[in-house]
Amino acid sequence: MATPRTITLSVNGTTHQVTVEPRTTLVDLLRGDLGLTGTHVGCEHGVCGACTILWNGKAVRSCIMLAVQADGSEVTTVESMAQDGELHPIQQAFMEAHGLQCGFCTPGFLMSISELLTRSPDPTDEEIKDTLGGQICRCTGYQSIFTAVRLAIKKLADARAAGGSA
Ligand code: FES
Ligand code: FES
C-alpha cells in the first residue's frame with residue numbers, strides 16, 4: 001500500500017490538515033473525512049457532474065480528482081452557499097423556479113452555475129446552455145433549470161444594485 005500523505009487545504013474558508021491515501025478521491029475526502037455530504041456522487045467517472053465543486057474558483061469534478069491534488073488549494077462546496085439560514089440567491093431561484101425535483105443533481109448544478117455567474121454575470125443563453133450541458137439531470141428536462149438560472153441572474157443583479165455582497 002502506498003504511503004499516506006498529509007495535505008493542507010482550505011474548504012469553504014476553513015483550513016484542514018488531513019492524512020489521506022494517495023488513491024483517495026477529492027469527493028471521498030470531502031464526504032468521508034470532512035463530512036461535507038452536500039457534494040453528491042453519481043457516476044464516479046467524470047460524466048454526470050453531481051460531484052462538481054470549485055477548486056481555486058474553477059468548477060471541477062471531484063470524483064476524478066485526487067485529494068492530494070488539492071494540497072494547498074482552496075475548495076468551495078455547496079455548503080458554502082446558504083449563510084445564516086438564508087439561501088443563496090441561486091438556491092432561492094432554483095426553489096422558486098422549480099429547478100429541481102429529486103435534487104440529486106442540484107449541488108453540482110449550483111456550483112457550476114455559481115462559477116459561470118462569477119465569471120460572466122450577464123451570460124448569453126448559449127453560455128448558460130453550455131454550462132447546463134455539462135451536468136446530467138434525469139428529472140427536470142432542463143427548462144426549469146434554465147429558468148432558474150435566468151431568475152438567479154436577476155436576483156444577483158438586484159442584490160448588487162442594492163449594495164449587497166451576493
Ligand atoms: S460523480 Fe463525478 S461526474 Fe459523476
Ligand atoms: S432533479 Fe433529479 S436528477 Fe436532477
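Atoms considered below: every heavy atom in the structure, side chains included; atoms not considered: hydrogens, waters and symmetry mates. All values derive from a computational prediction rather than experimental measurement. Order of listing sets the numbers, starting from 1, for every ligand and every atom in it.
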Identify which of A50, C48, G141, C139 has a heavy atom lying nearest to atom 2 (Fe) of ligand 2. C139
Atom 3 (S) of ligand 2 - nearest protein heavy atom and its distance: R138 N, 3.3 Å
Full working for side chain to side chain contact (heavy atoms under 4.5 Å, CB included) between L132 and V149: CA-CA 10 Å; L132 300 189; V149 177; 4.2 Å; yes
Give the numbers and elements of all ligand 1 atoms closer than 4.0 Å to a heavy atom of E44. 1 (S), 4 (Fe)
Salt-bridge contact K155-E96 (side-chain N to carboxylate O under 4.0 Å): yes
Proximal atoms of ligand 1 relative to G49 (non-hydrogen, under 4.0 Å): 3 (S), 4 (Fe)
Contacting atoms of ligand 2, where contact means under 4.0 angstrom from a heavy atom of C105: 1 (S), 3 (S), 4 (Fe)
So do the side chains of T25 and L29 get within less than 4.5 Å of each other, counting heavy atoms only? no
Contacting atoms of ligand 1, where contact means under 4.0 angstrom from a heavy atom of G42: 1 (S)
Distance-only polar pair, side chains of S10 and E74, donor-acceptor under 3.5 Å: no
Checking side chain to side chain contact (heavy atoms under 4.5 Å, CB included) for the pair T6/V18: CA distance, chi angles, key distance, verdict? CA-CA 5 Å; T6 299; V18 280; over 6 Å; no
Under 4.0 Å from a heavy atom of C43: give me the atoms of ligand 1 that qualify, with their elements. 1 (S), 3 (S), 4 (Fe)
Test log, rule side chain to side chain contact (heavy atoms under 4.5 Å, CB included), inputs T14 and H16: CA-CA 6 Å; T14 302; H16 297 272; 3.8 Å; yes
Okay, side chain of S112, backbone of G108: is any donor-acceptor separation there less than 3.5 Å? yes
So which bit of V27 gets within less than 4.0 Å of ligand 1, heavy atoms only: side chain, backbone, both or neither? neither
C137 heavy atoms within 4.0 Å reach ligand 2 at atoms 1 (S), 3 (S), 4 (Fe)
Applying the side chain to side chain donor-acceptor pair (under 3.5 Å) test to T77, which of N12, T37, T39, T52 qualifies? N12
Just wondering, more than 12 heavy atoms not from R138 lying within 6.0 Å of its CZ? no
salt_bridge(K154, D158) N-O dist < 4.0 Å: yes
Hey, is H40 touching ligand 1 through its side chain, its backbone, both or neither, going by heavy atoms under 4.0 Å? neither
Just jot down the ligand 1 atoms closer than 4.0 angstrom to any heavy atom of G46, in number order. 3 (S)
What atoms of ligand 2 come within less than 4.0 Å of a heavy atom belonging to G103? 1 (S), 2 (Fe)
Contact flag C51/atom 2 (Fe) of ligand 1, N/O/S atoms, threshold under 2.8 Å: yes
Top protein contact for atom 1 (S) of ligand 2, by heavy-atom distance: Q101 N, 3.2 Å
Could you tell me whether any N, O or S atom belonging to H45 is less than 2.8 Å from atom 4 (Fe) of ligand 1? no
Atoms of ligand 2 less than 4.0 Å from C102 heavy atoms? 1 (S), 2 (Fe), 3 (S)
